[in-house]
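Here's the structure we're looking at; comments come further down.
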Protein chains: 2
Amino acid sequence: MVTIKDIAREAGVSPSTVSRVLSGKAKISPETTRRVMEAIEKLGYIPNASAKSLVMKKAYSVGIFMPRKLEQALTSTFFDQVVSGICSYINNTEYEIVLSIVPPEKEKESLERLIKSKKVDGFILLTSRINDYAIKYLRNLKFPFVLIGSPDKDKDYVNWVDNDNKKAAFDATEYLIRLGHIQIGFLGGMENLVLTQDRLSGYKSALSKYKIPVENQYIMFTEFDEQSSYEKAKQMLMLPDRPTAVVCIDEVVAYALIRACRELDLKVGYDVSVIGFNESIFSKLSSPRLTTINTNVFYLGYYAAEMLIKELEEPYKTYKRLIVQHSIVEGETCRAI
Amino acid sequence: MVTIKDIAREAGVSPSTVSRVLSGKAKISPETTRRVMEAIEKLGYIPNASAKSLVMKKAYSVGIFMPRKLEQALTSTFFDQVVSGICSYINNTEYEIVLSIVPPEKEKESLERLIKSKKVDGFILLTSRINDYAIKYLRNLKFPFVLIGSPDKDKDYVNWVDNDNKKAAFDATEYLIRLGHIQIGFLGGMENLVLTQDRLSGYKSALSKYKIPVENQYIMFTEFDEQSSYEKAKQMLMLPDRPTAVVCIDEVVAYALIRACRELDLKVGYDVSVIGFNESIFSKLSSPRLTTINTNVFYLGYYAAEMLIKELEEPYKTYKRLIVQHSIVEGETCRAI
DNA sequence: CTGTTAGCGCGTTCAG
DNA sequence: CTGAACGCGCTAACAG
């Protein structure tokens, strides 16, 4: 292994001079700098991260934290996209990414370990729940983090990046209303997710704007997986007075509904209009193409990473938030009636 | 911050005794052990990872390495599933996961940095290419790694976990042949992927077994993304003598083909039978349900993680390999003719 | 502008 | 069975 001492010897200087050249924070003569750089190049020297971390009291790593059951079927391509966005930004920094996906019961232990062992300098949280444990824990410790999603409360005291989910659901619902739908259903995810609540709220306010009464029987929640999505979808379609259009919180939920339609001999886009969220590669490829809200998941990740790194480099005086735009992508699953 | 010294003071012992209690490798009196454990509990002590790494010369981290373009649309839920499997195993160890997804041109730099800075003790490689740079680099350095997929050569000198892709493609193709198909197409991924070559080879040997000549016009390659998959699919379907069934290397490719069928007014399962690979949540939900090969991607990740950790704990005398089973999941996209 | 010294927190000698 | 001393590789403080 080649250490800073080897470089020092090779360049005929002291280790601290090598350190100074590397950090660039001190005045070093051009000649010395050249000799040091040559030695580094020649020996292929890269500083030992642990040693640096130990003295700098910094890990130069950020954690991606996602509490969820591992064995559970996965919900869409959200994870792929958001992680890609995060990597895309982090790759241009000196930080590494530590990935932690743990079942909810290990959440506390896992966070504590990463923080106290100083493995990471900050976190990107991939989910926001009502009364979120991770958020509370990190806020309490004043440990740096950025939330992807909106906090359920204290919105001004957390750094976060999110879509305007209320607006997005409002837009989706209004889109259906303008197509003439009045009986509109809402298929959400877990009720304890802020995402579900926000989109539900947008859905309701669109109905309200057009003086359409909210029917509780038209509102259902799923576990974001295939099984429960399909069951709830079927349940909704078998209501005596079933909705003519449904806002689905996720593409998995949307496809479950489409599947249920097919089982019940209902024609998607005719008997039932469907709109989803989080455009993925499947939305474009499915037949019929799914009408969906593109939430630019990649950029949720990208900007969250940027926000976290900037916070680490120079702590904000105040908390930041960022809204990533969404847009409707018209497919073939919605029709005027 | 609470350090080993604080625990020592609290328990009335020396730091080295605390260290010994923690490592469990030395005889310590029950009484001392108890006092130390109490102090640890009381102060919530967790050892500093950098300090430990520095002296142990171990990072207690494994890298997940995946060279790919970040801005590119993502190919199916493979990444989700494999990462979940890896996390599932790693969560029960003392290791952390460092995630590195980099564009191919940064591959060398990224690997070198992670290794030389001692950020990771080993790698799990998520792709296997013909003449793979990462494999060559790591082998050359004798740096521990496990490949998910099969190496293109030196199969006995690399640790790897994979499906039997030749057999899987053979099974898929034979399944179609038994349904009476003779004109069978193959839509692969990138040609430089071992995965593509293996499945192509299995496809060919099934044809060969049944004395069906291989038609080069029936073999095409995609970039694993929506755009090129769709184009190649359309191209294949517009052949003068188009295939009546197609083996698709991935679900994204399969859905692209299904989409192309629809554009060309070909009925999937009637005019064209389709079989895919890597069962995902969408296979079950799509209409028609995709007939596909379940490759148990989660377990590819799980066992690769296990293999790597065991290798790190006690280096194998020899190289290991593991084959994860596959199975056909019958959907509605294949029919006898 | 540069070298010397000290110390980050921990595990491992080596004594006792 | 336990403590003291040392060093892992690096940066920062202090001299010069």
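Just so we're on the same page: letters track the sequence lines, and every chain starts at 1.
- If you check every strand for non-hydrogen atoms under 4.0 Å, A/Ser50 touches nothing.
- Using a 30° and 60° split on the angle between ring planes, B/Phe123 and B/Phe65 fall in the perpendicular class, above 60°.
- Taking atom CZ on B/Arg20 and atom P on D/dA4, their separation rounds to 11 Å, with Å as the unit.
- Distance, B/Ile7 CD1 to C/dG9 C1': 13 Å, rounded to whole Å.
- No N or O donor and acceptor, one from the side chain of A/Ser19 and one from the base of D/dA12, sit under 3.5 Å apart.
- Toward the 5' end of DNA chain C, the nearer of the two residues B/Tyr45 and A/Ser29, judged by each one's closest nucleotide, is A/Ser29.
- Considering only side-chain atoms of B/Ala51, the nucleotide from D/dG3, C/dG9, D/dA13 that sits closest is C/dG9.
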Stepwise salt bridge (Lys or Arg N to Asp or Glu O under 4.0 Å) check, A/Arg129 with A/Asp152 | CA-CA 7 Å; A/Arg129 295 155 296 182; A/Asp152 61 331; over 6 Å; no
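- OP1 or OP2 of C/dG9 has at least one side-chain nitrogen or oxygen of A/Lys57 nearer than 4.0 Å.
- Residue A/Tyr60 places no side-chain N or O under 4.0 Å from the OP1 or OP2 atom of D/dC10.
- For A/Thr17, a side-chain nitrogen or oxygen approaches OP1 or OP2 of C/dG3 to under 4.0 Å.
- Residue A/Ser16 has its side chain nearest to D/dA12 when only D/dC10, D/dA12, C/dC10 are considered.
- The base of D/dT2 lies outside donor-acceptor range of the side chain of B/Arg35, with no N or O pair under 3.5 Å.
- With a 4.5 Å cut-off on side-chain heavy atoms, A/Tyr95 and A/Ile309 count as touching.
- Taking atom CD1 of A/Ile4 as the reference point, atom C1' of C/dC8 lies 15 Å away to the nearest angstrom.
- Taking the side chain of B/Lys5 as heavy atoms from C-beta on, and the options C/dC8, C/dG11, D/dG3, the nearest nucleotide is C/dC8.
- Tested against B/Ile97, the residues B/Asn91, B/Ile64, B/Val120 include a single side-chain contact (heavy atoms from CB on, under 4.5 Å) partner, B/Ile64.
- Rounded to an integer number of Å, the gap from CE of B/Met56 to P of D/dG7 is 19 Å.
- Across D/dC10, D/dC14, C/dC10, the shortest atom-to-atom separation from the side chain of B/Lys52 is found for C/dC10.
- Checked against C/dC14, D/dT11, C/dT2, the side chain of A/Val55 finds its nearest nucleotide in D/dT11.
- At the heavy-atom level, A/Leu54 lies under 4.0 Å from base atoms of the strands shown.
- Summary of the strand contacts: A/Thr3 and B/Gly12 both lie near DNA chain D, and taking for each the nucleotide with the nearest heavy atom, the more 5' one is attributed to B/Gly12.
- Taking only side-chain atoms of A/Asn48, from C-beta outward, the nucleotide of D/dC10, C/dC1, C/dG9 with the closest atom is D/dC10.
- Side-chain N/O atoms of B/Ser84 and A/Arg68 include a donor and acceptor closer than 3.5 Å.
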